[in-house]
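A note on names: the letters A, B, ... follow the listed sequences, proteins ahead of strands, and every chain is numbered from 1.
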2 protein chains.
Amino acid sequence: MTGKKKMSIDCFHCMSRKQSLMGTLKDEELACMNEHKSSVNYKKGQTLFYEGTRPMGLFCINGGKVKVFKMGSQGKEQIIRLAKPGEFLGYRALLGEEFYAASATVIEDANICFIPKFDFLEILNRNPNFYKNIVQSICHELGVLEDRFSDLAQKSVRERLAANLLMLKESYGMEGDDSTLIDIALSREDLANIVGTATETVIRLLSEFKKDGLILFEGKRIRVLDAKALAKEADFYA
Amino acid sequence: MTGKKKMSIDCFHCMSRKQSLMGTLKDEELACMNEHKSSVNYKKGQTLFYEGTRPMGLFCINGGKVKVFKMGSQGKEQIIRLAKPGEFLGYRALLGEEFYAASATVIEDANICFIPKFDFLEILNRNPNFYKNIVQSICHELGVLEDRFSDLAQKSVRERLAANLLMLKESYGMEGDDSTLIDIALSREDLANIVGTATETVIRLLSEFKKDGLILFEGKRIRVLDAKALAKEADFYA
DNA sequence: TATAAAAACTGATTTTTATCATATTTTAAT
DNA sequence: ATTAAAATATGATAAAAATCAGTTTTTATA
């Protein structure tokens with residue numbers, strides 16, 4: 001359980017950069033970011049930051065997967081969102097000048113860059129377009145969360161599970177040919193903490209969906225066989 | 001059901017301005033806003049904007065109260081937030097360059113200003129501090145919604161109702177002496193649509209809280225008699 | 001002010017979902 | 001390879017909350 005090790009990857013050659021918000025950065029800013037960033041390897045289970053602590057900088061996922069969650073009073077996690085390569089973590093707290101509202105831990109071994117707060121804000125100030133993109137992304141996230149909030153209040157567990165499987169397929173479906181395989185290793189418990197239900201309930205519903213031919217298990221991964229039927233289960237276009 | 005009427009209030013003398021995000025605006029920008037804004041009186045039940053439509057500008061509440069909600073597939077509203085004088089509406093969609101994710105309708109007769117998109121963005125561009133404040137506010141809102149999302153997933157209806165009553169007391173408690181009276185006329189149905197439950201359930205729980213001496217009904221309003229006990233019901237500091 | 005409509009309320013019942021108990025399978029560690 | 005621990009699975013039961021049905025009260029309107 002050690003795992004943290006410096007890497008010598010630079011922002012110019014970072015594969016995840018292109019599909020990230022940093023796509024718009026000019027060479028100069030990228031150089032600045034590159035100069036001040038540090039890159040660390042994390043093992044599954046390691047924590048990037050804890051709810052209630054002060055943000056010191058921005059995390060940028062280069063490889064691997066991370067869950068962002070709040071701990072409920074009964075010790076049950078509520079997963080707010082998942083993050084994958086190309087995504088930032090911690091900018092909401094930075095720009096809002098608040099403590100972290102949630103914790104972030106690695107669910108698949110990851111390589112993650114860290115840009116100190118000062119340097120990040122500096123780059124933001126120098127690049128109005130980059131700033132605008134970040135703001136736009138936060139606004140979008142707020143809209144998405146409003147949707148999910150509404151669903152959580154109004155849909156049944158079964159509907160929410162179906163809806164979340166479809167969302168996961170969108171986010172983690174593999175490129176091209178294998179777009180039906182959800183390429184993220186979530187435990188049943190994590191899935192329950194996304195959907196907002198008990199682990200046993202997720203297990204039961206998953207096996208129903210499987211029995212009905214909507215999904216299939218492939219190791220730790222789930223394959224969506226019938227997205228149409230799942231959408232119906234999710235009460236989409238109702 | 002007519003009710004829309006132009007008013008000749010100006011931004012300089014607007015009472016709700018001081019406690020709003022516009023507090024930081026300079027005279028020049030305020031003049032710009034004043035010049036381009038229009039002020040309209042709305043009656044209870046009238047709608048400011050509809051989910052799925054394109055935002056044309058910013059709403060600024062001068063007087064009255066507004067609910068922002070999404071319509072679920074069973075025709076049940078989920079109230080995302082309430083807005084009171086001094087607050088803006090519609091900036092998330094404007095800055096995110098998206099359609100409205102929710103609808104907004106008046107729940108207490110209101111006077112609301114409207115600033116066209118172009119003028120609002122212009123003022124934002126000219127005033128980095130104002131822009132920064134707005135962004136900060138959006139970030140804060142996202143954090144608050146994450147909290148509520150987590151509570152919705154993990155707390156019982158009883159706990160959520162208690163928590164929401166306390167929140168409403170914070171937001172709508174009157175100044176000074178009468179801080180225990182929640183000064184907003186919410187129907188039982190609206191309250192249910194905030195908490196995320198059935199109207200009957202809210203009615204039952206409210207009358208329990210009343211029987212136990214935690215709250216009191218005063219006309220259409222609720223008075224919080226024992227905030228400590230309510231906080232315990234809400235599972236705060238658990 | 002009479003009357004209709006809407007909102008608030010109450011009780012009975014059903015449905016959904018969580019919880020508890022326990023078994024089986026998988027994964028990790030010695 | 002063996003054993004312990006964790007994750008997954010299944011059944012039985014209990015609890016929470018929704019739904020349905022009906023009544024009373026309040027509010028709005030002719």
Cation-pi check for A:Phe217 against A:Arg188: NZ or CZ below 6.0 Å from the six-membered ring centre and within 45 degrees of the axis, yes or no? yes

As a quick check of understanding, evaluate side-chain contact (heavy atoms from CB on, under 4.5 Å) for B:Phe59 and B:Val66, giving each step before the final call. CA-CA 11 Å; B:Phe59 293 90; B:Val66 175; over 6 Å; no

Students should find that the end-to-end axis angle of the helix from C:dT1-D:dA30 to C:dT30-D:dA1, with five pairs defining each axis and rounding to 10 degrees, is 50°

Point to revise | B:Lys70 with B:Glu51: basic N within carboxylate O range, under 4.0 Å | key: yes

- Item | Quiz item: cation-pi between B:Arg92 and B:Phe49, 6.0 Å / 45° | no

Under a 4.0 Å heavy-atom criterion, the protein footprint on nucleotides 5-19 of chain C, written with B, S and -, is --SSBBBB----SSB

Is any NZ, NE, NH1 or NH2 atom of the basic residue among A:Glu108 and A:Lys220 found under 4.0 Å from an Asp or Glu carboxylate oxygen of the other? no

dist A:Leu230:CG -> A:Leu161:CG (nearest 0.5 Å) comes out at 8.0 Å

A:Phe209 atom CZ is separated from D:dT8 atom C1', nearest whole Å, by 18 Å

In whole angstroms, the gap separating P of D:dA17 from CD of B:Gln154 amounts to 14 Å

Carboxylate-amine/guanidinium proximity below 4.0 Å for B:Lys43 and B:Asp109: yes

Atom CD of A:Glu208 and atom C1' of D:dT10 are separated, to the nearest Å, by 13 Å

* Is A:Asp151 salt-bridged to A:Arg160, cutoff N-O under 4.0 Å? -> no

